[in-house]
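In what follows, a structure is listed as structure tokens, so that the remarks can point back to it.
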Amino acid sequence: MNKADAIRFLKKYQPMPPDHQIPKAVIGKYDEVRIYFLKNPSNECIPLFLNSFGEGDGYGIYPLVEDVLSHFNSLEVSPHLKVGLSSPYRSVRYWCTQVAASFPASDLIEPLAKILSEQDFDMKYAAITALEQITDDRGTHILKEAYKREPEPELRALIEEIMSNKKSCPDSVG
């Protein structure tokens with residue numbers, strides 16, 4: 001495996017097929033590419049990984065992509081996350097929302113706010129968690145607004161807990 005082969009593979013799968021359609025050889029190669037970039041970090045892989053997520057969890061490999069991304073800082077990752085959060089593919093938006101919590105950046109606030117309007121519990125949960133990590137009052141305001149319109153009790157409770165833990169807003173979300 002070399003960098004050119006790894007990049008070529010990732011470019012071919014933007015995104016990967018759903019789990020139930022991925023041949024074992026393809027998911028095996030995806031994992032090889034992941035391991036290659038884990039050992040040989042390159043900025044080129046950031047947008048390619050973020051747009052590679054298919055429906056499902058890649059047989060447990062998609063969560064491990066964050067290990068590759070951990071070699072980079074928020075300034076390197078967040079511009080690509082911003083694009084991924086607006087992807088037409090639900091799977092890409094979902095996994096980028098998950099990853100966003102590890103790369104808090106103010107430029108992700110608006111795309112994460114849009115995720116909060118989707119009718120997808122898991123994506124909203126991840127977006128709330130990601131917004132919690134961003135130290136910007138706009139994120140706090142968005143969480144307060146989301147609390148007011150969120151019908152799901154578990155998500156409301158999560159927002160309430162976040163707001164009660166924020167030192168700048170000790171009085172919950174009222």
Side-chain angles (χ1 to χ4, degrees), residues 1-136 138-139 142 158:
M1 171 78 52
N2 62 43
K3 183 178 172 182
D5 291 338
I7 294 289
R8 193 170 18 261
F9 177 86
L10 287 174
K11 283 183 176 180
K12 183 177 178 180
Y13 293 102
Q14 297 286 296
M16 292 281 284
D19 281 5
H20 68 278
Q21 295 177 356
I22 300 175
K24 287 185 183 200
V26 172
I27 198 65
K29 181 78 165 187
Y30 185 86
D31 198 33
E32 285 178 40
V33 168
R34 181 191 65 81
I35 292 167
Y36 173 83
F37 283 116
L38 192 58
K39 294 176 181 176
N40 305 282
S42 169
N43 286 8
E44 284 181 81
C45 78
I46 299 169
L48 295 171
F49 271 120
L50 291 175
N51 289 293
S52 70
F53 301 119
E55 287 296 331
D57 69 356
Y59 293 98
I61 298 171
Y62 296 158
L64 302 176
V65 168
E66 198 165 335
D67 294 340
V68 175
L69 298 173
S70 71
H71 288 284
F72 307 100
N73 64 45
S74 288
L75 291 174
E76 294 168 302
V77 178
S78 67
H80 304 293
L81 272 174
K82 188 175 180 180
V83 172
L85 290 168
S86 300
S87 172
Y89 299 102
R90 181 217 170 266
S91 57
V92 171
R93 289 192 315 277
Y94 171 77
W95 284 104
C96 284
T97 304
Q98 294 286 332
V99 170
S102 297
F103 296 93
S106 294
D107 63 337
L108 300 180
I109 292 173
E110 292 207 19
L112 288 167
K114 288 180 184 172
I115 298 285
L116 289 175
S117 66
E118 294 197 29
Q119 298 302 313
D120 186 312
F121 178 91
D122 293 333
M123 285 179 57
K124 285 188 201 182
Y125 196 100
I128 292 166
T129 303
L131 284 165
E132 175 186 16
Q133 304 307 311
I134 300 171
T135 57
D136 183 312
R138 291 178 300 149
I142 286 171
L158 175 62

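Values below: every heavy atom of this structure, side chains too, minus hydrogens, waters and symmetry copies.
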Using the test side chain to side chain donor-acceptor pair (under 3.5 Å), find all partners of D122 that sit at least two apart in sequence or belong to another chain.
-> none
Taking the side chain as every heavy atom from C-beta outward, state whether H71 and L38 have any pair of such atoms under 4.5 Å apart.
-> yes
Can any side-chain N or O of Q14 pair as donor or acceptor with the backbone N or O of L10 at less than 3.5 Å?
-> yes
May I have the step-by-step check of salt bridge (Lys or Arg N to Asp or Glu O under 4.0 Å) for E118 and R93, ending in yes or no?
-> CA-CA 11 Å; E118 294 197 29; R93 289 192 315 277; 2.9 Å; yes
Ignoring hydrogens and angles, tell me if any N or O in the side chain of D5 forms a donor-acceptor pair with the backbone of M1 under 3.5 Å.
-> no
Heavy atoms of S78 and D107 approach each other most closely as OG-OD1, 3.5 Å
Any side-chain heavy atom of M123 sitting closer than 4.5 Å to one from R90?
-> yes
Determine whether V83 and L50 make a side-chain contact, defined as any pair of heavy atoms from C-beta on separated by less than 4.5 Å.
-> no
Where do D19 and D57 come nearest, in terms of heavy atoms and distance?
-> OD2-N, 3.0 Å
Does a side-chain heavy-atom distance below 4.5 Å link V65 with W95?
-> no
Residue pair L116 / K124: nearest heavy atoms and the distance that separates them | O-CE, 3.5 Å
Expected output: side-chain S70 to main-chain D67 donor-acceptor under 3.5 Å | yes
Can you find a side-chain donor-acceptor pair between E32 and Y36 that sits under 3.5 Å?
-> no
Pairing residues for F72 by the ring-ring contact (aromatic ring centres under 6.0 Å, His included) criterion, not counting sequence neighbours | none
Nearest heavy-atom neighbours spanning G54 and Y62 | N-OH, 3.1 Å
Pair Y30 + F53: ring centers closer than 6.0 Å | no
Student check: side-chain heavy atoms of P41 and V68 closer than 4.5 Å | no
What is the minimum heavy-atom distance between L112 and A130, and which atoms define it?
-> CD1-CB, 3.7 Å
Shortest non-hydrogen pair, L81 vs F103, comes out as CD1-CB, 3.9 Å
